[in-house]
Amino acid sequence: MKDNIGVVNFDDFIFFVNEILSFGENRKTILWDYEIQERLSNKYFNDLDLDKKYEDAKEQEIYYGSIAKHKSEEIKAVKRIIPKDSNTPAEKRFKSRKELESKIERNQSLLSKIHLERNNKQENYRILKYQREEVLKQISDLEIQLGEIKLKSFEVVWQVVNPLYDVMYQNIKHNKICPMCNKDMRKELHDSIINNPNNCFLCGCSLDVNKQDDNNCIANIEQELSVCYDKKSVIENNIYKCEREMAELDNEFSTQESQLFNLRCELRNIEFASSNESQTTGDISIQLIQERIKKLQEDKLNNLNISADYKAQKDNIVMQMDDERRKTNLLLSDTFSQYASAFLGKKAELTYDLNYEDKKMYLPIIEDKIRKEVDHLSESQSFFVDFSFRLSLLNFFYTGPSFFSCETPEGSLDASYEANAANVFLRFLERPNVLILTTNLNNSDFLYYIAKKAKKVSYINLLEYGNLSSVQANNDSIREMSKKVEDIINGKKLNYCQLVQIYI
């Protein structure tokens, strides 16, 4: 996966598909979303090793900073036990010396047990992390191998049969619908086609394509991947469980250690009180407490210094990342400007600057003014400026045909912007790409403009396949609009360099 798409984690690939390639009914814009841009930049624009160093430095900064905070709280707790009057320790004398010694012994035994268990958990945690890395590497290798086999298999297929043969065959196999007339297929004909996959479903001639070996190999690899994903899930659950258990042990160790210190102080107070040396007892007790406070303060300062070192490393990495993002902005801005200016009819650029929360991210400049919030533009302008950013990203990563799926917000468009909006999408199709639009039938000319200008269009009319309400079923206007769109589409010539799929 790392070699093919530049990412190691499958979740990062799914993130790109869901957040960048698709604009759904929730109308979520990514151009003003700092978290999405941060993840996009870290996982796709920056070097993966640099991103790993950043995550490690950030984690260590938080970890040692947290330890320093715990030390501060422990210092406060220790200071609270300093005797206010070292000459009157009588309230502690009711505890017998043997009882305290027994408690101290049990406490020390418990601390040793916790320490040993913590070390075992730490070793188990290290092993689990190593196992997860091994499984992730195995998954990556299998996915690369699977992709190569599928690519090779499909190259052989497309040299022999119609490019849409497999789509029609799958339609027959799963939906039992004839691809020619879209009617239900007779069972005996369906069974005959499925039982003879190497023969043409239309004429019955042999396809001269033997994919049995590839199919078996693909099935084996997919089975191995399934096993690996299950193993990864189990390991990650165990890692989470181990981390939680170690945190609980650390808290328990800290609690017991504090209790041990208190017990020792009480014991010394009783020992010296029994010798009628109350003042000396108080001095020694206070001295022990002060030594403990001094040790905690040293530990706190040491952890703060370590945390500061990791913060400096993180800040240095952020500066390197910012340099890369500024370079990326120069490459993105030209394409963004073409898309956004085509829609707005005015000058539009992309910059890498501080937002209203003083966080650096990509932001649009419209007529020389940075629009730091989505509310600084109208609804339709914010949607299509966001589309411009998404399409410029796809152009930046372009190595072959891609797709963009969009729930079109044509209802937010003024009539004067409909042609501009369609031209934004049509510009995306100047390269071999696929545009998937879901749109409503209304008085807008947006859909007609797309249907007329795109060189190749396929569509699904949901008036024919959907579950219509009584209002929709009895409305002649939407039927006329639907027929008008279909007439435009069906009268076009095929061109395989462009494809728009419309769901109306």
Side-chain angles (χ1 to χ4, degrees), residues 1-20 30-70 122 125-126 128-137 139-140 143 232 235-236 239-240 242-244 246-247 302-333 350-363 372 389-390 392-393 396-397:
M1 183 181 294
K2 180 178 180 181
D3 294 334
N4 289 339
I5 60 176
V7 293
V8 176
N9 194 327
F10 183 72
D11 291 339
D12 294 329
F13 173 68
I14 294 300
F15 156 79
F16 191 91
V17 174
N18 289 342
E19 301 294 348
I20 310 300
I30 66 171
L31 187 51
W32 293 272
D33 193 312
Y34 175 78
E35 293 182 358
I36 290 181
Q37 285 201 30
E38 181 72 5
R39 185 171 179 181
L40 175 69
S41 297
N42 288 345
K43 304 303 179 183
Y44 286 90
F45 291 153
N46 297 324
D47 180 78
L48 294 177
D49 292 334
L50 190 65
D51 178 62
K52 186 176 185 303
K53 291 179 181 178
Y54 170 80
E55 294 293 341
D56 290 342
K58 181 180 178 181
E59 181 180 344
Q60 293 300 319
E61 177 199 356
I62 295 173
Y63 174 76
Y64 285 102
S66 177
I67 292 179
K69 290 180 181 179
H70 290 160
Q122 182 67 38
Y125 180 77
R126 184 189 66 80
L128 288 171
K129 294 274 282 188
Y130 175 79
Q131 290 176 347
R132 184 177 66 175
E133 292 300 322
E134 290 294 313
V135 171
L136 288 174
K137 183 178 183 302
I139 289 174
S140 178
E143 288 177 339
K232 172 177 171 287
I235 291 174
E236 289 179 340
I239 288 175
Y240 172 77
C242 192
E243 289 174 341
R244 185 182 60 193
M246 287 192 296
N302 182 51
N303 284 288
L304 284 175
N305 289 336
I306 295 175
S307 178
D309 289 340
Y310 279 111
K311 183 179 185 301
Q313 293 180 28
K314 185 193 73 173
D315 292 342
N316 183 55
I317 293 172
V318 168
M319 290 177 62
Q320 297 179 50
M321 288 181 170
D322 282 345
D323 289 338
E324 291 299 320
R325 293 173 186 177
R326 278 188 284 269
K327 293 176 183 177
T328 302
N329 179 70
L330 295 176
L331 299 175
L332 287 174
S333 185
L350 192 67
T351 186
Y352 182 70
D353 208 330
L354 296 174
N355 66 1
Y356 66 97
E357 294 180 338
D358 290 333
K359 296 179 180 178
K360 284 191 175 182
M361 61 187 296
Y362 297 105
L363 293 168
K372 294 187 176 183
F389 179 63
R390 293 171 187 259
S392 63
L393 288 174
F396 177 82
F397 290 114

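Along the sequence shown, residues carry numbers from 1. Note: hydrogens, waters and symmetry copies are ignored here, and every other heavy atom, side chains too, is used. Since we're looking at a predicted model, the values are computed, not measured.
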Quick one: side chain to side chain contact (heavy atoms under 4.5 Å, CB included) partners of Ile139, sequence neighbours excluded? Val135, Glu143, Leu225, Cys228, Tyr229, Lys232
How many angstroms lie between atom CZ of Arg390 and atom CG of Leu393, to the nearest 0.5 angstrom? 9.0 Å
Could you tell me which non-hydrogen atom of Arg132 sits nearest to which non-hydrogen atom of Ile235, and how far apart they are? CB-CG2, 3.9 Å
Listed by chain and number, what are the side chain to side chain contact (heavy atoms under 4.5 Å, CB included) partners of Glu134, not counting sequence neighbours? Tyr130
For residues Cys242 and Tyr125, report the shortest heavy-atom separation together with the two atoms involved. SG-CB, 3.6 Å
Hits for side-chain hydrogen bond (donor to acceptor under 3.5 Å, both in side chains) against Tyr63, two or more places apart or cross-chain, chain-then-number order -> none
Would you kindly check if the NZ (Lys) or CZ (Arg) of Arg39 is within the cone defined by 45 degrees around the ring axis of Phe15 and under 6.0 Å from the six-membered ring centre? yes
Using the side chain to side chain contact (heavy atoms under 4.5 Å, CB included) criterion, which residues pair with Leu331? Sequence neighbours excluded. Phe396
For residues Trp32 and Leu363, determine if any side-chain heavy atom of one lies less than 4.5 Å from a side-chain heavy atom of the other. yes
Looking at Asp56 and Lys52, is there a salt bridge between them, counting it only when a charged N and a carboxylate O are closer than 4.0 Å? yes
Could you measure the distance from the CG atom of Leu350 to the OG1 atom of Thr328? Nearest 0.5 Å is fine. 10.5 Å
List in chain and number order the residues that pass side-chain hydrogen bond (donor to acceptor under 3.5 Å, both in side chains) with Tyr54, two or more places apart in sequence or in another chain; answer none if no residue qualifies. none
In short, salt bridge (Lys or Arg N to Asp or Glu O under 4.0 Å) pairs touching residues 58-67 with sequence neighbours left out are Glu61-Lys314
Is there side-chain contact between Met246 and Gln122, with heavy atoms separated by less than 4.5 Å? yes
